[in-house]
Each structure stands twice: as C-alpha cells, then as structure tokens.
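Just so you know, these numbers come straight off a predicted model, no measurement behind them. Indexing begins at 1, ligand by ligand and atom by atom, following the structure's order.
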Amino acid sequence: MKNSADAVVIGGGILGVSTAHFLSRLGFGSVILLEKRTLAAVSTGHSAAAIRTFYSNPLTIQLAQRAIQIFSNADQEIGGECGFNQAGYMTLLARDALDAGRQVVEMERAAGIRVEELSRDEIRDRLPMVDLDNIECGVLEPDSGYVDPVMTTRTLARSAEAWGLTVYEGIGATGIRTEGARVSGVETEQGAIETPVVVNAAGGWGGRVGSWVGLKYSLRWSREVDIVLETPFDTDVFPWLSDPQIRFYARQAGPRQLLVGLGFPKEIEPLDIDNYSEELDEPTRERIEGLLFQRIPSAKGSPLVRGWASMYTITDDWHPLVGPEPDVPGYYACVAGNGHCFKLGPPIGESLAHLIAGKEPPSDLHPLRPTRFVEGEYFTSVWGGGNRA
Ligand SMILES: Cc1cc2nc3c(=O)[nH]c(=O)nc-3n(C[C@H](O)[C@H](O)[C@H](O)COP(=O)(O)OP(=O)(O)OC[C@H]3O[C@@H](n4cnc5c(N)ncnc54)[C@H](O)[C@@H]3O)c2cc1C
C-alpha cells in the first residue's frame with residue numbers, strides 16, 4: 001500500500017467516490033480512497049437511486065439539476081455508464097398538499113427545470129392502474145428518473161484511476177494523525193499514509209471518524225427497506241411515482257416489476273450500525289405492500305421478487321454535512337446522506353473537490369457546512385419533513 005498521498009478519502013459510497021473522482025480529475029495529484037468493505041457496500045448499493053429535483057430550497061434544487069446533467073451525459077461527465085433511465089418523476093398532490101407542492105414547482109421553474117402539472121385525466125391516461133382517490137393533480141418532471149447506483153459508483157472510481165486515483169477496498173481507516181491541529185496523515189489497518197488532506201465520507205460511521213479529530217456530529221440512523229414485486233401490468237411507461245398522501249414511492253425495476261418503499265412522513269427505525277440485518281422482514285414487507293395496493297389495487301397478489309434493508313444516516317435537518325472544519329485544517333466532512341443523497345453525491349463531490357483544490361466551486365456549498373447547527377442556520381422545508389427535504 002502507498003504510504004503518502006496528496007489527499008485521502010475515507011469511505012467508498014457515492015459521496016466519497018464522487019469527491020475522490022473530481023479531486024483526481026482536477027489534477028490534485030495522488031488521491032487515495034479507502035473503503036473498509038467494497039465500493040457501494042452500504043447505503044449506496046442499496047439505494048433506489050431516484051433522481052428528482054422536487055426539493056424546497058434553491059441549493060438542493062441546483063445540485064439535483066446538476067445531477068441530471070451529469071447522469072444524462074455520463075460518458076463525458078463521469079467517464080462511463082450510470083444506467084440513467086429518464087422515466088420521469090411524478091408526485092401526486094392531494095388538496096392539502098397543493099400549496100406546498102406548487103411552491104416547489106415555482107422554485108424548480110425559476111431554476112429552469114421542466115415541470116408539468118397533470119390533471120387527473122392526464123394521469124389516468126398515462127397510468128390507468130392508479131386509483132386517484134383524494135388526488136387533485138400530479139407534478140411531472142420529465143427529465144428525472146433513476147440510475148444504477150453500483151454501476152455509477154464503479155464508473156466514477158474506475159475512470160478516475162487515469163488521473164491518479166488509487167482505490168483500496170477491504171482496508172479501513174483507523175485514525176487521523178495531526179501535527180498541532182493540522183491533518184498530517186491517516187492510519188489504516190495496513191499502516192499509515194502521510195497526507196495533508198483527509199475527507200470524511202464514512203457514511204454511518206462519519207461520527208466515529210470525526211471523533212478522531214475531536215469533532216462531534218449529531219447523527220441518527222434508520223433502517224430502510226425496499227421491495228421489488230412482479231406486477232400484472234407493464235411498467236415500461238411507469239415514471240417514479242411519489243405518493244405523499246398514502247406515503248410510498250414506486251418505480252419500474254424491470255419490464256413487469258416495481259420497486260417500492262415507504263415515503264415520508266414515517267417513523268425512524270433505529271439501528272446499530274455495526275450489527276443490523278440487511279434482510280427484508282415480513283412486517284415491513286406487508287406494510288409497504290398494503291400502501292401500494294391502496295393506490296394500485298390491481299397489484300394485489302403480485303409475487304415478491306426480492307427485498308433488502310440498509311440505513312439512512314440522518315442529521316438534525318435532514319441535509320448532509322459538507323465542508324471544512326475551521327478548527328482542523330486539512331479535514332473536510334462529506335457525511336450523512338439523509339436518505340436522499342445518492343443523486344446529490346456527484347454534484348456535491350464536484351463542488352467539494354473544487355473547494356479543496358482552491359478553485360471556484362460550481363455550487364456554493366456553504367449552507368451545508370457542518371457548523372450550521374451551532375450557528376443556528378438549519379435548513380427548513382415547505383414540502384415536508386424527512387428526506388422530502
Ligand atoms: C433503501 C434506500 C433507498 C434510498 N433511495 C434513495 C433514492 O431514491 N435517491 C437518493 O438520492 N438517495 C437514496 N437513498 C440514500 C442514498 O443511498 C444515501 O444518501 C447515499 O448512498 C449515502 O452515501 P454515502 O457515501 O454517504 O454512504 P455509504 O454508501 O454508506 O458509504 C459510506 C462508506 O464508508 C465506509 N466506511 C465507513 N467507515 C470506514 C472506515 N473507517 N474506513 C474505510 N471505509 C469506511 C463504509 O463501508 C461505506 O461503504 C436511499 C438509501 C437507502 C438505504
């Protein structure tokens with residue numbers, strides 16, 4: 001293993017790999033990425049990977065918009081395939097959600113994003129299997145959709161090797177060295193690496209990694225389940241369907257398959273990050289199916305194809321912690337996906353890499369700084385809590 005680098009990134013999920021990719025691409029020199037398991041092994045590889053711009057603050061909308069540019073031009077932007085299916089993203093709005101939903105649409109349009117409001121008849125024409133009880137209209141983002149999260153992560157890592165990225169899978173970081181307050185190296189299970197720059201992208205373990213340099217992050221973790229069902233109808237034209245009324249989401253997962261999960265608001269299901277099951281459990285399966293069948297009655301009886309569980313890492317305002325820490329020069333946080341940061345990974349990594357390299361970032365990440373909580377500048381959302389964000 002190399003024993004020195006210009007930067008070391010800890011964590012091989014979408015946030016870490018994206019930061020390492022763009023740092024290398026900017027010519028930062030020798031960049032090492034350490035992943036204690038395999039790339040995308042935790043939240044990233046289990047993600048439903050929705051790509052949507054339906055957010056209620058300008059920065060997240062801007063980052064999500066950049067994500068669509070990156071994914072729809074992946075060969076050029078990230079050097080290979082990401083499996084982007086621009087199936088569209090449709091949010092169903094009940095009467096009491098109309099005002100908030102339309103505020104989001106205004107923000108999206110102000111950013112230049114294509115958004116269509118669909119009447120009940122127009123939704124029915126596209127999705128005759130959906131029961132529109134309680135629904136006033138739909139909001140469709142035609143350019144949104146979903147990607148393959150593992151393919152995207154591997155493409156980002158592989159293409160950056162040409163620019164000086166070295167990826168070590170199966171090697172965990174065990175400490176951060178400092179001289180005075182400044183970062184001077186990273187300790188690993190296989191020896192130390194001298195480096196002036198470390199990026200903490202350790203996902204659920206980000207609090208632990210931060211504590212190595214005396215930082216405290218307020219994080220929670222929630223177990224999250226997705227299932228895939230074999231449906232009696234074609235799903236080719238099925239967009240990502242977000243139903244905040246019944247609280248589930250569904251997207252195509254194959255020609256006659258839907259991937260389905262629970263939407264917000266929902267309760268946190270706490271987990272032990274060092275000891276939790278990735279297996280689907282029967283009560284959660286029944287709960288997800290029950291919600292889906294209320295909206296799509298003809299899906300009743302659809303056989304289960306597969307299901308899995310993973311984790312959300314959650315901050316106090318459901319937005320990630322990204323940026324330098326003033327008391328630890330050379331250290332950068334890129335932690336806590338909050339259940340919606342697969343899509344934001346590449347644009348966040350791109351802007352953070354610019355910041356580290358002393359270049360003008362495409363997006364100003366200052367609102368995501370880890371010190372925002374003590375400074376009293378939380379994100380708020382007109383659209384709702386949790387990862388609706
Ligand atoms: C079921 C589910 C569905 C989701 N759906 C969506 C969606 O539709 N759209 C969306 O945008 N987002 C979605 N998300 C959220 C998204 O997947 C996450 O926000 C994102 O993957 C977080 O990426 P990450 O890099 O922070 O974390 P992770 O992918 O968890 O990566 C962190 C990595 O750090 C490694 N690590 C930890 N400690 C160390 C150490 N000491 N040394 C080396 N490596 C270490 C871990 O092994 C891990 O691989 C979903 C998440 C889940 C669980």
Side-chain angles (χ1 to χ4, degrees), residues 8-20 32-55 60 63-64 67 71 89 144-147 149-150 152-153 156 167-176 186-189 198-212 219 221-227 240 242 249-251 259-263 271 273-274 276 278 280 284 288 307-315 318-322 333-349 387 389:
V8 173
V9 178
I10 302 174
I14 192 66
L15 286 168
V17 171
S18 298
T19 308
I32 290 178
L33 182 130
L34 297 170
E35 166 50 55
K36 68 178 175 181
R37 290 171 61 180
T38 52
L39 294 181
V42 189
S43 299
T44 295
H46 295 87
S47 182
I51 314 302
R52 52 139 170 156
T53 50
F54 205 84
Y55 278 107
T60 316
L63 290 168
F71 294 133
Y89 185 99
S144 294
Y146 62 91
V147 297
V150 177
T152 308
T153 309
L156 282 158
V167 175
Y168 293 118
E169 293 180 82
I171 301 182
T174 53
I176 297 175
V186 172
E187 288 160 13
T188 83
E189 291 159 352
V198 63
V199 179
N200 173 3
W205 295 265
R208 196 170 296 167
V209 170
S211 74
W212 295 341
L219 299 177
W221 303 273
S222 185
R223 186 169 175 276
E224 291 300 325
V225 170
D226 280 337
I227 62 172
W240 182 291
S242 169
Y249 57 80
R251 71 146 159 95
L259 180 156
V260 197
L262 296 174
L271 58 72
I273 52 172
D274 295 314
Y276 65 93
E278 293 186 347
L280 172 65
T284 311
I288 296 174
W308 59 87
S310 187
M311 69 162 105
Y312 284 1
T313 301
I314 302 163
T315 59
W318 287 84
H319 289 271
L321 308 174
V322 187
C334 194
V335 165
N338 287 285
H340 64 103
C341 276
F342 180 83
K343 71 186 75 58
L344 304 183
I348 284 178
N387 67 357

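The backbone of Met311, and not its side chain, has at least one atom closer than 4.0 Å to an atom of ligand 1 (non-hydrogen atoms only; backbone = N, CA, C, O). Both the backbone and the side chain of Glu35 come within contact range of ligand 1, each with a heavy atom under 4.0 Å. At a heavy-atom distance under 4.0 Å, only backbone atoms of His340 (N, CA, C or O) approach ligand 1. The side chain of Ile10, and not its backbone, has at least one atom closer than 4.0 Å to an atom of ligand 1 (non-hydrogen atoms only; side chain from C-beta on).
Residue-ligand proximity, Gly172 to ligand 1, at heavy-atom distances under 4.0 Å covers atoms 42 (N), 43 (C). Listed by number with element, the atoms of ligand 1 under 4.0 Å from a non-hydrogen atom of Gly203 are 26 (O), 27 (O), 32 (C). Near Ala201, the atoms of ligand 1 lying under 4.0 angstrom from a non-hydrogen atom of the residue are 32 (C), 34 (O). The ligand atoms of ligand 1 that sit less than 4.0 angstrom from a heavy atom of Gly337 are 19 (O). Listed by number with element, the atoms of ligand 1 under 4.0 angstrom from any heavy atom of Ser310 are 53 (C). Those atoms of ligand 1 with a heavy atom of Leu34 less than 4.0 angstrom away are 43 (C), 44 (N).
Distances from atom 6 (C) of ligand 1 to the heavy atoms of Ala67, Ala309, Ser47, Gly261 put Ser47 nearest. Among Phe342, Tyr312, Trp240, the residue whose heavy atom lies nearest to atom 51 (C) of ligand 1 is Tyr312. Residue nearest to atom 10 (C) of ligand 1, selected from Glu187, Lys343, Glu278, Lys36: Lys343 (by heavy-atom distance).
Closest to atom 3 (C) of ligand 1, if we only count protein heavy atoms, is Ala48 N, 3.5 Å. Among protein heavy atoms, atom 31 (O) of ligand 1 sits closest to Gly13 CA, 3.3 Å. Scanning all protein heavy atoms for the shortest distance to atom 42 (N) of ligand 1 gives Ala173 N, 2.9 Å. Of the protein's non-hydrogen atoms, Leu15 CD1, 3.2 Å is the one closest to atom 26 (O) of ligand 1. Ranking the protein heavy atoms by distance from atom 15 (C) of ligand 1 puts Gly339 C, 3.5 Å first. Looking from atom 29 (O) of ligand 1 to the surrounding protein, the closest heavy atom is Thr44 OG1, 2.6 Å. In terms of protein heavy-atom proximity, atom 37 (C) of ligand 1 is closest to Ala202 O, 3.4 Å. Of the protein's non-hydrogen atoms, the one nearest atom 8 (O) of ligand 1 is Ala50 N, 2.8 Å.
Asp226 contributes no side-chain N or O that, together with a main-chain N or O of Ser47, makes up a donor-acceptor pair within less than 3.5 Å. Checking side-chain atoms of Trp308 against main-chain N and O of His46 turns up a donor-acceptor pair under 3.5 Å. Under a 3.5 Å cut-off, the side chain of Asn387 and the backbone N or O of Ala389 do not form any donor-acceptor pair. Using a distance-only test at 3.5 Å, with no hydrogens or angles considered, no donor-acceptor pair links the side chain of Arg251 to the main chain of Tyr146. Between the side chain of Thr174 and the backbone N or O of Glu187, at least one donor-acceptor pair lies under 3.5 Å.
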Could you walk me through whether Phe342 and Thr152 pass the side-chain contact (heavy atoms from CB on, under 4.5 Å) test, one step at a time? CA-CA 10 Å; Phe342 180 83; Thr152 308; 3.9 Å; yes
Start with the C-alpha distance between Leu219 and Val335, add both sets of side-chain angles, then the distance that settles side-chain contact (heavy atoms from CB on, under 4.5 Å), and finish with yes or no. CA-CA 10 Å; Leu219 299 177; Val335 165; 4.2 Å; yes
Does the side-chain contact (heavy atoms from CB on, under 4.5 Å) test come out yes or no for Met311 and Ser43, once each step is laid out? CA-CA 6 Å; Met311 69 162 105; Ser43 299; 3.6 Å; yes
Under the side-chain contact (heavy atoms from CB on, under 4.5 Å) rule, what do Arg37 and Val42 come out as? Steps first, then yes or no, please. CA-CA 9 Å; Arg37 290 171 61 180; Val42 189; 3.5 Å; yes
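Close N/O approach between Ala40 and ligand 1 is not found [any backbone or side-chain N/O within under 3.5 Å]. Residue Trp308 has no nitrogen or oxygen atom sitting less than 3.5 Å from a nitrogen or oxygen atom of ligand 1, judged on distance alone. In terms of N/O distances under 3.5 Å, ligand 1 is approached by Ala49.
Taken to the nearest 0.5 Å, the OH atom of Tyr55 stands 3.0 Å off from the NZ atom of Lys343. Atom CG in Leu39 sits 10.0 Å away from atom CD1 in Ile14 (nearest 0.5 Å).
Ring planes of His340 and His319: perpendicular class, angle over 60° (limits at 30 and 60°).
Pairing each heavy atom of Pro320 with each of Ile348, the nearest pair is CG-CD1, 3.9 Å. Closest approach of Ile273 and Trp205 over heavy atoms only: O-CZ2, 3.2 Å.
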